[in-house]
Structures are given as C-alpha cells and as structure tokens.
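Written out below as structure tokens is the structure these notes cover.
Predicted model, so just to flag it, every value in this text is computed and none were measured. Throughout, protein chains are lettered first and strands after them, A, B, ... in sequence-line order, and every chain is numbered starting at 1.
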2 protein chains.
Amino acid sequence: MARTLQARIAEGLWKIGEALPTEQELCAEFGVSRHTTREALRVLAEAGLVRRRQGSGTEVIADTPPALYRHQMRSLSELLDYAADTRLELVPAEGDPLELAPEGLTLAPGPGPWLAVEGVRRTLAGGAINFTRIWLPAAYASILPEFEGGARSVYDLIERRFRVRVAEVAQEMTGATLCPRSARALGRDAADPAILLLRSYLDAEARPVLVSASWHPADTFSYSMRLQRDDTAGM
Amino acid sequence: MARTLQARIAEGLWKIGEALPTEQELCAEFGVSRHTTREALRVLAEAGLVRRRQGSGTEVIADTPPALYRHQMRSLSELLDYAADTRLELVPAEGDPLELAPEGLTLAPGPGPWLAVEGVRRTLAGGAINFTRIWLPAAYASILPEFEGGARSVYDLIERRFRVRVAEVAQEMTGATLCPRSARALGRDAADPAILLLRSYLDAEARPVLVSASWHPADTFSYSMRLQRDDTAGM
DNA sequence: TCGGCAAAGTTGTCCGGACATATTCTAACG
DNA sequence: CGTTAGAATATGTCCGGACAACTTTGCCGA
C-alpha cells in the first residue's frame, strides 16, 4: 500500500503541497483497516514524502524520496579525524576580527560584535596539526577562560553554558596556501600549500553560533568518511 | 515507555548482545497493551538501539543512540561538487593495474583480475578539474565502451548492467603532490601540491565494486558539505 | 548419532473499536 | 462586521484480539 501511494505521488496524482485523502477515505478505497492505512502513511512520512499534522491532514512535501546516501557520526569530533588526544590552546587574535577572515568566509553581522581567538592544534606529543582561528559572538567570550583545550571543544562549551543548540554544521574545504600568520605559528613558509577548512556552526534559526577556519599543511592533511546507502525502509 | 527502556539500556540493565524481555513480558510489566509495547520497541529499533527479528526476539545492539550528526545527499554526484556539466573521458591505463595504485590504496585481491582506466575530468568549457584513475574488476570491462562520460557515472553503469548494488562508499582525502602521470595529463608540474581523493565503492558484503583515485590540483580544489543534527525522533 | 519433523515461542500483520487532541469551519452573538 | 464558542473533521494514542511467518527447541525415528 505504501508502494502504491508512493507511485501515485511520483506520477503526480497528488502534487507537492496538496493534501492526501484522509485516512478514512484511503481505508475505504483500499478496503483495509485504519491500522493498515496508518502504517502505510507512517512509512511515507518516514521516507520524507509527506508531512502529517493532527487535525489538519496529510500533505505531500516531496515526490521522490530524498537522501539516498548518508554519512553519520556520533560527534563532531569525528568530522576531522582529530583523535581525542589533541590539544588546542587559544589566545586572542590581534587585529579586527572581521579583517582576519579569509576569503570565502563571510561573518554575518550578528546581534553583536565578533571576537576572534586563534591557536595551534597539536598532538599530545607536541606535533602541530593545524592553525585554527575561531570567531564567536562577543557575548560568549566568558567561556574562553574555561577552555582548557582538552576533551571539550569550544562549541560544546558554548552549548552547555548558554543554552544554545547547534542544529547544523556547514563545512567547506579548499586548496590554499598558508597565510603569513599561520605559517609563522606552524613554523613553515607562507607559500606552502595547505588545505583551508571553514566551518560554520548554526543554530536552528541558522544564526551562527561559532565560525572557524583551520589551515592544514597539505602534506599532513588527511580526511576520511564512509557513506552508507539508505534503502528507504519498507518500500 | 521508550524513554524508560532506553534509560535501562543506557544504565546497562540489559547489555549489548543480550535479549530484551518479550513483548508479552513487557506488556505485563508496564500494564499496557501489546500495541503500545510494539510502538515503544519500534522507536528503539529506529534509533538503532535494538534489532528485532521475527521468531527470535529483540536484541540490544547499542547502549547509546548512534549518529548524532548526519550528512545526507541525493546522489553520489553530490559527493564532490561535480556539477552535472563535467565530462570524463577514459582510456586504458598503461602498466600493471596493481602497480598504478597510489600509496594508501589497497586493491583487495578479488575474484578476478583488476582493470585500470584513467582520464581527465573537465568542465564542458574544457577546463581540467582532476586526473582520475579507476580500477574495476575485469569482469565489468564490457561497460567501458558504453561509457560516454556524460550524465552517467561508471559505478552507476555497472549497477545497471550487472545487478550489483553499491551499499557503502568509503572516501579518503589526503594531501599529496601530483604524480608524473597526472601532472602530464593536467599540464602541470609533478611537484605541484594536490589533494588525492581515494574512493572505494563496496557492495553489501563489502566486496569492492569499483575503486577510484583522483588527483586535484590544490589551488582549484573545493569541497563542501552540510551536517544536520539528528534528534533521534520520539525520545 | 544424526536428520527430520512437530510443537512451542516470538515477532509481523491485520482487524475493529474507543477516546484524546489538534485544527478548521461555521454560526451565533456582540 | 469582527469575535468567539462550539461543532465537525482529522490525526494521535490506546485497547484487545486473531492469525501468519519465522526461529528455536526438543522429541522421535532411522
């Protein structure tokens, strides 16, 4: 039954934004109980094709199942293979925070001014991994003294102290060269090739909670991920 | 009820690998109908905490909900921002396929020999994006004449022709330099910095369907992704 | 001892009903 | 004409039951 309904949606019998027949009408058409109809609609909702609202009805929100491949991880520390045993020591960045942003990074003018801090992420043995610069709303500045660079990350600390919640992370990698500042911090040449990794941590309303940039020397950069195919259960 | 059961699993009342009480026993303990019990177990199964098997019972497979953050995409072409308007022309690679594998890429000895093909991916305007080398089991060689480099990708073609299904993609990016072969193809210097992207397309039994490596000049490399937090529905 | 078969146990699917809750519509009232 | 209270409508949650499908177990016969 779910397959039949999906086929109908796919061929446009009900278009996106339109309402599906009510549960009772579907029961009558297919000659099944409400339980069976609800199960079919549940599958469609889980596949992201319809949205159900109590009292209002069932609306089509997509005509093809989205998200065929997914990459999932327990925590953001798995985003890069930052082993848990790395340290980051942060100091205030010199200069205008907005001027320090690399090309490609736009700091949306938030409710208040931005604050920039920076430092080198190292293994416990002391080897440099990257040079990181973090921008955060100045309202969150009070967490910085608490940050020891150990287990917790800056965004995690902000989430706990300020009752905000990161809902989405946008990440971009580009090829670049080390800028003078990062080259100095890493003990390398400013012209050395590097991978620049930009990240924006956004809350549910897409307001930035934290923005970061990290420069990785190209010869030590590594990133891996596994994507699993999602067989839109039940259909 | 689902929350209660999850709490019990989290505190180790039932350990990973053990069986939960049967539906009937849970009904008796909570004083609810089987319908309600099944709904709670369904939520746990959806969260990835238990696995249910008809006739056998319900087994604990994790004590904390996995996958807090997920990255999902409609198709693998979104893996890299290969706009749809790129072309890849492949020719057989010279030499022993196994010898051509870059460091870090292991070609598992499959049921038969490997075949290697290679080429340059370009925009329709002709600009070079990367140099790609693809290894595939020689049994799939017959699809190569069909590959025009247009809309379809090689793995898609193999899926359609040979009734195999890619279940998982493992991807790794590392900093590197262009090798002599790729430098020649791209018209650059072999010492130029590059990002080497290795991908393995695996079927459900983790057998490789296709393996690829692509060398991207660092100054034109770009990759972006968005991760969404997943609030383990219903709990 | 081993294989096969039946029985018991467990989850999957389906039925029909009842009430709760959220939304939308409508008609009466100010 | 605008507002509001209530009715109608829709989905959410729950009950109790029946049978099907699959797995495991144990008994029995070869």
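- Closest approach of Leu100(A) and Ala93(A) over heavy atoms only: CD1-CB, 3.6 Å.
- Distances shown here put every side-chain N or O of Thr22(A) at or beyond 4.0 Å from the OP1 or OP2 atom of dT9(D).
- Taking atom CD of Glu39(A) as the reference point, atom P of dT11(D) lies 16 Å away to the nearest angstrom.
- Although no hydrogens or angles enter the test, the distance criterion places a donor-acceptor pair under 3.5 Å between the side chain of Glu25(B) and the main chain of Thr22(B).
- Side-chain contact check for Leu124(A) versus Arg87(A): some heavy-atom pair is nearer than 4.5 Å.
- The shortest distance between the side-chain N/O atoms of Arg38(A) and the OP1/OP2 oxygens of dT11(D) is not below 4.0 Å.
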*Check the pair Val164(B) / Val166(B) against side-chain contact (heavy atoms from CB on, under 4.5 Å), numbers first and verdict last.*
CA-CA 7 Å; Val164(B) 294; Val166(B) 173; over 6 Å; no

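- Rounding to whole angstrom units, CG of residue Leu41(B) and P of dT11(C) are separated by 8 Å.
- Evaluation of the ring-ring contact (aromatic ring centres under 6.0 Å, His included) rule for Phe30(B) yields no partner, not counting sequence neighbours.
- The CD-P distance, from Glu59(A) to dT24(C), rounds to 11 Å in whole Å.
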*Would you sort out whether Arg121(A) and Ser214(A) count as a side-chain contact (heavy atoms from CB on, under 4.5 Å), showing the intermediate values?*
CA-CA 9 Å; Arg121(A) 182 176 290 275; Ser214(A) 52; over 6 Å; no

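- OP1 or OP2 of dA10(D) has not a single side-chain nitrogen or oxygen of Thr58(A) nearer than 4.0 Å.
- The 12-atom threshold is exceeded at CD of Glu29(B), counting heavy atoms of other residues, nucleotides or ligands nearer than 6.0 Å.
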_From CA spacing to verdict: side-chain contact (heavy atoms from CB on, under 4.5 Å), Ile134(B), Leu90(B)_ = CA-CA 9 Å; Ile134(B) 295 175; Leu90(B) 294 172; 4.2 Å; yes

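- Separating the CD atom of Gln24(B) from the P atom of dA8(C) is a distance of 15 Å, rounded to the nearest angstrom.
- Between Phe162(A) and Tyr140(A), the two ring planes are tilted [angle within 30° to 60°].
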Polar-atom pairs under 3.5 Å, protein N or O versus N or O of nucleotides 16-18 of chain C: list them with distances, or write none.
residue: dA18(C); atom: N6; partner: Arg34(A); partner atom: NH1; Å: 3.4

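- Atom pair Leu44(A):CG and dT11(D):P shows a separation of 13 Å (rounding to whole Å applied).
- Near DNA chain D, defined here as any heavy-atom distance below 4.0 Å, there are no residues from residues 13-20 of chain A.
- More than 12 non-hydrogen atoms from other residues, nucleotides or ligands lie less than 6.0 angstrom from CD of Glu18(A).
- At whole-Å resolution of the value, CE in Met1(A) and C1' in dC15(C) are 14 Å apart.
- Shown here for Trp135(A) and Pro97(A), the closest heavy-atom pair between the two residues is NE1-O, 2.9 Å.
- Partners of Glu23(A) according to the side chain to side chain donor-acceptor pair (under 3.5 Å) rule, which considers only residues two or more places apart in sequence or in another chain, are Arg34(A), Arg38(A), Arg52(A).
- The distance between atom CZ of Arg42(B) and atom C1' of dG12(D), rounded to the nearest whole Å, is 12 Å.
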Between the protein and nucleotides 21-23 of chain D, are there any N/O to N/O pairs under 3.5 Å, and if so, what are the atom names and distances?
residue: dA21(D); atom: O4'; partner: Gln54(B); partner atom: OE1; Å: 3.4
residue: dA21(D); atom: N3; partner: Gln54(B); partner atom: OE1; Å: 2.8

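- Separating the CD atom of Glu25(A) from the C1' atom of dT9(D) is a distance of 11 Å, rounded to the nearest angstrom.
- For CZ of Arg8(A), the number of neighbouring non-hydrogen atoms (other residues, nucleotides, ligands) closer than 6.0 Å is greater than 12.
- You'll find the side chain of Ile9(A) stays beyond 4.5 Å of the side chain of Gln6(A), heavy atoms only.
- Helical stems in DNA chain D, defined as runs of 3 or more consecutive Watson-Crick or G-U wobble pairs with both donor-acceptor distances under 3.5 Å, are listed by first residue as C:1-30 with D:1-30.
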